[in-house]
Amino acid sequence: MSKIVVIGANHAGTAAINTILSNYPNNEVVVFDKNSNISFLGCGMALWIGNQISGPEGLFYSSKECLENSGAKIYMETDVFHIDYDNKLVYGKDKNGNEIIEDYDKLILSTGSLPININIPGKDLNNVQFVKLYQHAEDVINKLKNKDIKNIIVVGAGYIGVELAEAFKRCDKNVTLLDLSSSCLTGYYDENFRNLMANNLSKHNINLKFSEQLIEIIGDKNKNVTKVVTNKDEYDADMVIMAVGFTPNTILAKNHLKLFKNDSILVDLYQQTSDPNVYAIGDCATVYDNSIENTNYIALATNAVRTGIIAAHNACDTKIQGIGVQGSNGISIFGLNMVSTGLTFEKAKSLGYNANYSEFTDLQKPAFIKENNSVTLRIVYDNDSRRILGAQIASYEDISMGIHVFSLAIQEKVTIDKFKLLDIFFLPHFNQPYNYITMAALGAK
């Protein structure tokens, strides 16, 4: 029997804990988490804030009681402040100041990520908010009940920023989306897809302020935020949401474990760190990126769950190797659905690939079907190897599942030429005889 200590019990940690408890019941599992709740689905925060769901209850899929009933020992609201890797000891302090010490045979680090806190004047004013944890979302929702909060500035136009901009607009607020980049969703989509989303946001009266740098946040005598100042202008603000990104939370790993270039914990395909008794999972760790055939950092809940499962088996001496990831992701804003996987054309070129792309737009179904929307697909591939490197799809149809075939293609190194004659069924209820996947592949040079 082994004693396994898990630090952090959100998606990656919960997946690891459940895997151990379900498959290796003879092992002892001890869990530390500094939060008061477990398994909060942060991707649903914008739906909650925007009143698209009635409350947060469905955003949890596990709990302290659930894990304890399965056999785990759980320390909630307990901050781990030190790990003695040489003697295999974990030191924590609970909310009452009591020190807790646990030894381990194997350690799984699932410490997640932290929101980036840019160092500018005014960042500590009232109503300058992060939105990552359950408590953050609850705080924002309570503050929105104040009718004096009318102007909301969202800083950062990545996935979270765009989703929150939609949520606040659904609350009838005057919303401004601010980003240093020239558009939204940079890194996830090529320019024409980014423009689709930007136009969609503008159409719903969200003020877009791209290519602007936040310089200062200004408040009144009561230290409530009143406006933001950029390098180009200033804007009234009753609330400012800081959504400029995340950084891996690896302070416990520094000075002992090998780190990646962004300070995430470097792991192998078994989720094992440079210390053979320590595994790292989720947002605090690297992944193997099949699209670039190398180590990368891609913080996604889906990656967290998979890495948690892999680490759990390996910590219990069942050797299971990860198969890598493609960074598959999606977003749905005011009905516009966009999904992507692998590399964009812009990213592929910047990495030195002799990249090209084939793009096709058509109706999802035959023209005689009344409920019908157009779909745009871009397939990115390498001219030299012909290997598919990435794909992006956008539509007001639900095309989300279509991206998975491209994710598998990247993983298995499928060429664009094989896709030209891929066996795809036809039924007018679903698609066209010459569907967008086939047509985009046939258009490859």
Side-chain angles (χ1 to χ4, degrees), residues 6-19 31 33-35 37-50 52-53 56-63 66-67 108-116 130-137 156 158-164 166-167 185 187-188 243 245-250 262 264-265 267 271 279-291 296-312 322-333 337-342 400-401 403-404 407 411:
V6 181
I7 301 177
N10 210 30
H11 305 308
T14 298
I17 296 160
N18 282 328
T19 300
V31 181
D33 197 286
K34 68 190 304 182
N35 208 335
N37 58 72
I38 286 173
S39 76
F40 178 61
L41 290 167
C43 55
M45 281 191 298
L47 297 174
W48 181 23
I49 292 170
Q52 291 178 271
I53 58 175
E57 295 77 20
L59 299 178
F60 297 91
Y61 58 89
S62 188
S63 66
C66 179
L67 297 179
I108 299 177
L109 297 176
S110 177
T111 49
S113 58
L114 299 170
I116 294 173
F130 291 115
V131 182
K132 178 174 172 62
L133 304 176
Y134 165 79
Q135 293 90 335
H136 293 153
Y159 267 166
I160 294 174
V162 169
E163 289 173 342
L164 289 173
E166 178 198 28
L185 306 180
Y188 298 102
F246 300 96
T247 185
N249 180 18
T250 56
N262 72 330
S264 56
I265 302 170
V267 297
Q271 299 304 133
Y279 298 81
I281 56 179
D283 288 5
C284 70
T286 59
V287 293
Y288 184 82
D289 184 347
N290 288 314
S291 61
N296 204 351
Y297 180 73
I298 304 175
L300 291 169
T302 47
N303 292 345
V305 171
R306 281 191 293 271
T307 58
I309 293 170
I310 294 164
I323 58 175
V325 304
Q326 291 70 249
S328 303
N329 60 87
I331 191 168
S332 181
I333 301 295
N337 307 308
M338 291 173 52
V339 290
S340 73
T341 189
S400 57
M401 297 304 290
I403 203 66
H404 299 310
S407 177
Q411 176 184 297

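Since this is a predicted model, take the numbers as computed values, not measurements.
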Write down the atom of I281, the atom of A311, and the distance for their closest heavy-atom approach. CG2-CB, 3.4 Å

For the residue pair N290 / Q326, report whether a side-chain donor-acceptor contact shorter than 3.5 Å exists. yes

Before giving the answer on side-chain contact (heavy atoms from CB on, under 4.5 Å), spell out for I333 and I331 the whole-Å C-alpha distance, their side-chain angles and the decisive distance to 0.1 Å. CA-CA 7 Å; I333 301 295; I331 191 168; 3.8 Å; yes

Quick check: are there more than 12 heavy atoms from other residues, nucleotides or ligands sitting under 6.0 Å from CD1 of I323? no

dist I116:CD1 -> T247:OG1 (nearest 0.5 Å) comes out at 6.0 Å

Output the distance between atom OG (S340) and atom CG (L185), rounded to the nearest 0.5 Å. 9.0 Å

Going from CG on N337 to CD1 on I403, what distance comes out if it is rounded to the nearest 0.5 angstrom? 12.0 Å

Can you name the side chain to side chain contact (heavy atoms under 4.5 Å, CB included) partners of A243, sequence neighbours left out? I160

Quick one, N37 and Q135 - any side-chain contact, counting heavy atoms below 4.5 Å? yes

Would the distance check show the side chain of N10 and the main-chain N or O of S39 forming a donor-acceptor pair, the cut-off being under 3.5 Å? yes

Taking every non-hydrogen atom, the tightest pair across H136 and V131: CB-CA, 3.7 Å

Nearest heavy-atom neighbours spanning A9 and I38: O-CG2, 3.2 Å

Checking side-chain polar atoms at under 3.5 Å, does S113 have a donor or acceptor matched by the opposite partner on D283? yes

Side chain to side chain donor-acceptor pair (under 3.5 Å) filter on N303, not counting sequence neighbours, yields R306

Once rounded to the nearest 0.5 Å, what's the spacing between atom CD1 of I309 and atom OG1 of T19? 5.0 Å

Residues in side chain to side chain donor-acceptor pair (under 3.5 Å) with E166, at least two apart? R170

Could you list the residues that satisfy ring-ring contact (aromatic ring centres under 6.0 Å, His included) with Y134, not counting sequence neighbours? F40, W48, F60

So how far is it from L59 CG to M45 CE, rounded to the nearest 0.5 Å? 9.0 Å

Could you check L67 against V31 for side-chain contact (heavy atoms from CB on, under 4.5 Å), going step by step and ending with a plain yes or no? CA-CA 10 Å; L67 297 179; V31 181; 5.5 Å; no

Ignoring hydrogens and geometry, is there a side-chain-to-backbone donor-acceptor pair from S264 to P248 under 3.5 Å? no

Where do H11 and L41 land on the side-chain contact (heavy atoms from CB on, under 4.5 Å) test, with the steps shown first? CA-CA 8 Å; H11 305 308; L41 290 167; 3.5 Å; yes

Quick one: list whatever passes side chain to side chain donor-acceptor pair (under 3.5 Å) with T286, sequence neighbours left out. none

Measuring from D33:CG to N35:CG, what's the distance to the nearest 0.5 Å? 6.0 Å

Please name all residues satisfying side chain to side chain donor-acceptor pair (under 3.5 Å) with T341, sequence neighbours left out, ordered by chain then number. S328

Looking at A280 and Q271, what are the two nearest heavy atoms and their distance? O-NE2, 2.8 Å

I need the minimum non-hydrogen distance between A16 and I108, along with the two atoms involved. CB-CD1, 4.3 Å

Please give me the minimum heavy-atom distance between V267 and A285, naming the atom from each residue. CG1-CB, 4.2 Å

Show, in sequence, the C-alpha distance, side-chain angles and deciding distance for M338 and Y188, and conclude whether the side-chain contact (heavy atoms from CB on, under 4.5 Å) test is met. CA-CA 10 Å; M338 291 173 52; Y188 298 102; over 6 Å; no

